[in-house]
Amino acid sequence: MSNIGNMVPEVINAYNVYLSGKVLGVSGEVELPELEAMTETIEAAGVLGEIETPATGHYGSAKIKIPFAILHEDVVSLLDTTKALELTLRGSEQFMDRKTGNTEDIPVKIVVRGKATTNTLGTFAKGKKGEPEIEIECFYIKIVINGDDKFELDKLNFKCIVNGKDLMAKIRKNI
């Protein structure tokens, strides 16, 4: 395959969502977590005005939203808040090679671990989708693109790795 830097990202061709290896009956699009760094405003002598600085590796609440077509046992199984859920999203991303114009497909995998916090049971109407949705607070997120680990955030084990660089290594050593 060509260098990904020479590729034009186009679309996600297809994806599946797995719960402990079993395909979930997901409909529509999954809303991935927003990663917002925890920050503190700095104003001090020698600083002109204010600077909002991120605390290395620390992120606020991160939630994933998963829609379903109807209320079924897969949805109900996610409601147990005493168990952490491990979801894996596997997709195929389509790129165009800038030099050749050829289409390349690159695998992407996103693993999240967390607990359900919001459960919208949807509607119940004859001949219609019910559209229930579950929202999960993520305390673990890992992104793998084309077989390479790109990002891993493990809030419970004090890990934040970006492109192979462990941002928390020195901090863990210091405490």
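For the single chain, residues carry numbers from 1 onward in sequence order.
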For [X], is the [atom1] atom crowded, meaning more than 12 foreign heavy atoms sit under 6.0 Å from it?
X	atom1	answer
E52	CD	yes
R113	CZ	yes
E10	CD	yes
L48	CG	no

Drop me the distance from [X]'s [atom1] to [Y]'s [atom2], to the nearest 0.5 angstrom.
X	Y	atom1	atom2	value
F68	L24	CZ	CG	5.0 Å
L153	L35	CG	CG	7.0 Å
K142	K109	NZ	NZ	6.5 Å
K65	T117	NZ	OG1	9.5 Å
I161	F151	CD1	CZ	10.0 Å
M7	M96	CE	CE	9.5 Å

Are [X] and [Y] in one and the same hydrophobic cluster, where Ile, Leu, Val, Met, Phe, Trp and Tyr link if side-chain heavy atoms are under 4.5 Å apart?
X	Y	answer
V30	L79	yes
V23	L71	no
I64	I145	yes
L19	V75	yes
V108	V8	no

Taking C-beta and beyond as the side chain, do [X] and [Y] meet within less than 4.5 Å on heavy atoms?
X	Y	answer
T88	I110	no
T123	K128	no
L85	L78	yes
N146	P107	yes
D105	S92	yes

Consider only side-chain N and O atoms of [X] and [Y], and report whether a donor and an acceptor are under 3.5 Å apart.
X	Y	value
D97	N6	no
S61	E137	yes
E86	Y140	no
E135	T118	yes

Derivation of the side chain to side chain contact (heavy atoms under 4.5 Å, CB included) call for I51 and T41
CA-CA 6 Å; I51 299 171; T41 302; over 6 Å; no
Could you give me the CA-CA distance, side-chain angles and deciding distance for V111 and I141, then say whether side chain to side chain contact (heavy atoms under 4.5 Å, CB included) is met?
CA-CA 6 Å; V111 177; I141 303 166; over 6 Å; no
Report the C-alpha distance between F95 and T103 in whole Å, list the side-chain angles of each, state the deciding distance to 0.1 Å, and finish with yes or no for side chain to side chain contact (heavy atoms under 4.5 Å, CB included).
CA-CA 6 Å; F95 288 77; T103 297; over 6 Å; no
Taking every non-hydrogen atom, the tightest pair across [X] and [Y]:
X	Y	value
F158	R172	O-NH1, 2.8 Å
P33	A62	CB-CB, 3.8 Å
T82	K115	O-NZ, 4.1 Å
C138	V112	SG-CB, 3.9 Å
A84	F139	CB-CZ, 3.8 Å

Would a distance-only check, ignoring hydrogens and angles, find a side-chain to backbone donor-acceptor pair under 3.5 Å from [X] to [Y]?
X	Y	answer
T100	N102	yes
K155	G60	yes
D166	M168	yes

Quick one: which of I12, I66, N16, L32 gives a side-chain contact (heavy atoms from CB on, under 4.5 Å) with L89?
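Output: one option passes, namely L32.
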Under the rule for side-chain contact (heavy atoms from CB on, under 4.5 Å), what residues qualify as partners of T81, not counting sequence neighbours?
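side-chain contact (heavy atoms from CB on, under 4.5 Å) check on T81 returns nothing, list empty.
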